[in-house]
Amino acid sequence: MHCALCIILSGCIEEYEADISSEDSDLLVVEGTICSEKWNKFILTRTEAIRSDEPLNSDMTYYSPRTVTGASVSVRGSDGTEYRAQVINGSYICWVDVLSPDVEYYLHIEADGEVYESAPQKPLRSEGIAEVSGVQNTPDSNIDVLVTPDVPFDPDKTNYYSWTYDETWEVHPDYTTNMYYDTVLKKGIFKMHQFPERGWKDGTSSIIMVGASSSYEGQHILQHKIYDVDRSDKRVYYKYSGLVHQRAISKAEYEYELARLQAGTEMGGLFTPLPSALPSNIHCLTSNKHVIGFVGCSLNTSDYRFFLDADDFSINYPHWVDTREWYEDPSDALCRRLLNEGLFLCVWKDERMSGGKFETAWTTEDHLDVRYQGAYIEKPVFWPEEDNDEE
């Protein structure tokens with residue numbers, strides 16, 4: 001899809017009074033990248049300084065974003081091509097055809113009586129991705145996701161990349177059941193597949209990771225860490241998949257991302273740059289107003305899907321506590337009452353013939369159906385087949 005920039009400034013560890021000057025309020029913030037043969041999405045907001053007696057926003061930004069409406073946005077080329085964006089769900093979206101490597105492209109914005117344009121640039125071609133792997137250095141450490149791009153097109157210069165990712169992970173219910181209580185026979189009856197045995201959830205990264213090849217031999221990045229997953233995270237309890245998107249970027253865009261990262265990690269520090277100090281390749285043509293953001297231009301985006309299996313790592317599962325309701329020697333009246341209360345039979349264990357006990361266990365539907373966890377049950381087309389998958 002698109003390659004979105006993220007304006008997230010995170011991380012005060014000490015109380016900080018965010019006195020933002022007037023020059024840092026009402027700034028235009030532009031998020032988005034010009035990409036070939038894709039729907040391009042651009043988000044326009046304006047900064048609104050928060051008062052010093054207010055806490056930071058929930059996303060740890062030190063400004064309150066205000067969506068810009070009624071703007072005219074288009075991707076333009078030096079050869080006269082133009083792709084006009086339309087507003088969909090508050091974002092400006094346009095389809096961009098195949099970009100020419102010999103044409104310079106830029107974003108044109110008309111908003112609130114001002115005209116803005118990003119610096120024209122030729123689209124950069126991105127190498128493919130040779131490998132993405134998950135590595136856990138010790139049994140107690142997080143799982144690092146490492147990327148290795150293909151051999152660079154130009155091994156004689158520093159190469160710069162950005163990475164984002166989408167993720168999908170398998171979800172299992174708290175409990176499973178292959179029983180149900182038959183009110184006619186007055187006992188537990190075997191029945192499989194009453195509830196889906198697993199489901200899936202999706203996520204998208206909100207942070208852009210960047211890297212440079214200057215410290216690698218032959219300018220070839222090898223096993224560069226782009227993110228990690230906590231070994232206690234539910235996403236890696238069973239099977240996890242990530243789809244990494246790689247884009248070659250310019251040195252200027254790389255430096256912008258580093259400056260934005262510094263603004264986030266050192267929020268409140270003595271040398272933290274204010275929004276107006278961040279580098280940008282977007283300029284106002286009708287006034288001297290500063291703009292936040294950097295619009296890159298890509299000839300292609302390289303994708304790589306990888307999988308992590310829980311059995312291959314030391315996963316920290318939570319201490320299991322059985323929350324099911326257990327009843328010994330339940331009468332038919334009790335079983336009917338439990339059914340009327342919305343409970344489902346999980347265990348029907350009758351060992352009285354061998355001198356044991358007669359026990360039952362019950363739980364509610366939300367513990368049996370993964371859809372209550374926000375999961376969907378249609379297996380993704382890219383999910384690998386397993387021995388226990390149905391034909």
Side-chain angles (χ1 to χ4, degrees), residues 58 142-143 166-204 229-241 307-391:
S58 60
N142 295 340
I143 301 171
D166 301 311
E167 53 187 350
T168 301
W169 61 96
E170 194 170 300
V171 178
H172 289 198
D174 297 328
Y175 305 104
T176 59
T177 181
N178 56 10
M179 304 290 299
Y180 79 97
Y181 184 74
D182 190 306
T183 57
V184 176
L185 298 177
K186 299 181 180 180
K187 66 177 181 177
I189 300 297
F190 181 80
K191 182 181 180 181
M192 292 290 290
H193 309 305
Q194 299 177 73
F195 299 99
E197 297 179 357
R198 59 177 175 169
W200 292 266
K201 298 179 74 172
D202 299 322
T204 299
V229 183
D230 192 300
R231 74 187 191 97
S232 301
D233 196 300
K234 291 181 178 180
R235 292 176 294 171
V236 292
Y237 280 2
Y238 306 102
K239 185 184 289 291
Y240 171 94
S241 177
F307 291 89
L308 303 178
D309 290 300
D311 292 342
D312 298 330
F313 301 95
S314 172
I315 305 301
N316 183 28
Y317 296 99
H319 177 66
W320 187 75
V321 177
D322 190 352
T323 61
R324 294 173 295 183
E325 296 185 22
W326 285 83
Y327 296 92
E328 291 188 12
D329 300 321
S331 64
D332 176 60
L334 174 59
C335 291
R336 289 175 180 269
R337 178 173 67 80
L338 294 174
L339 289 176
N340 290 334
E341 291 176 354
L343 273 68
F344 292 80
L345 179 64
C346 294
V347 176
W348 184 273
K349 185 179 179 181
D350 191 349
E351 298 180 344
R352 287 175 294 184
M353 295 294 292
S354 59
K357 296 180 179 179
F358 170 36
E359 298 179 298
T360 63
W362 306 72
T363 192
T364 52
E365 187 175 13
D366 57 305
H367 288 291
L368 297 167
D369 193 331
V370 293
R371 286 171 288 195
Y372 282 90
Q373 301 182 41
Y376 56 89
I377 60 174
E378 182 179 354
K379 188 173 73 171
V381 294
F382 56 82
W383 210 254
E385 296 290 340
E386 297 181 0
D387 293 339
N388 58 354
D389 284 347
E390 294 185 22
E391 297 294 334

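Computed from a prediction, not measured in an experiment: that's the story for all the values here.
- Residues R324 and V347 meet the side-chain proximity criterion, which asks for heavy atoms closer than 4.5 Å.
- The closest side-chain heavy-atom distance from L338 to Y327 is below 4.5 Å.
- To the nearest 0.5 Å, atom NZ of residue K349 and atom CE of residue M179 are 13.0 Å apart.
- Residues P330 and C335 approach most closely at CB-SG, 3.9 Å, considering heavy atoms.
- For the atom pair N178 CG and Q194 CD, the distance stands at 8.0 Å (nearest 0.5 Å).
- Heavy atoms only, all atoms of each residue included: E197 and M192 are closest at OE2-CE, 4.3 Å.
- For T364, the side chain to side chain contact (heavy atoms under 4.5 Å, CB included) partners are L343, D366, H367, not counting sequence neighbours.
- Listed by chain and number, the residues in a side chain to side chain contact (heavy atoms under 4.5 Å, CB included) with E365 are F195, F344, D369, Y372 (sequence neighbours excluded).
- I377 is listed as a side-chain neighbour of R371, based on a closest heavy-atom distance under 4.5 Å.
- Checked by atom type and distance alone, the side chain of Y240 never pairs as donor or acceptor with a backbone atom of E167 at under 3.5 Å.
- For the pair I189/L345, no side-chain contact is recorded, criterion being any heavy-atom separation below 4.5 Å from C-beta on.
- For the pair E170 and Y238, the tightest heavy-atom approach, listed with the atom from each and the gap, is O-CD1, 3.6 Å.
- By the neighbour-count criterion of 12 heavy atoms within 6.0 Å, atom CD of E378 is sparsely surrounded, having that number or fewer from other residues, nucleotides or ligands.
- For the pair D329 and R352, the minimum side-chain heavy-atom distance is below 4.5 Å.
- Within the model, atoms OH of Y237 and CH2 of W169 stand 13.0 Å from one another, a figure rounded to the nearest 0.5 Å.
- Taking S331 as the reference, A333, L334 meet the side chain to side chain contact (heavy atoms under 4.5 Å, CB included) condition, with sequence neighbours excluded.
- A distance of 13.5 Å separates OG1 in T168 from NZ in K379, rounded to the nearest 0.5 Å.
- Applying the ring-ring contact (aromatic ring centres under 6.0 Å, His included) test to F382 and every residue at least two apart in sequence or in another chain returns nothing.
- Separating the CD atom in E328 from the CZ atom in F358 is a distance of 10.0 Å, to the nearest 0.5 Å.
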TODO: Would you check, one step at a time, whether the test side-chain contact (heavy atoms from CB on, under 4.5 Å) holds for D322 with Y175?
DONE: CA-CA 9 Å; D322 190 352; Y175 305 104; 3.6 Å; yes

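- Screening residues 338-348 for side-chain hydrogen bond (donor to acceptor under 3.5 Å, both in side chains) gives R337-E341 as the qualifying pairs, with residues at least two apart or on separate chains.
- The closest donor-acceptor contact from the side chain of R336 to the backbone of T183 lies under 3.5 Å.
- Ring planes of W362 and Y181: tilted class, angle from 30 to 60°.
- Atom CD1 of I315 and atom CZ of R231 lie 8.0 Å apart (nearest 0.5 Å).
- For S232, the side chain to side chain contact (heavy atoms under 4.5 Å, CB included) criterion is met by D230, N316, not counting sequence neighbours.
- Residue-environment remark: CE (M353) stays at or below the threshold of 12 foreign heavy atoms within 6.0 Å.
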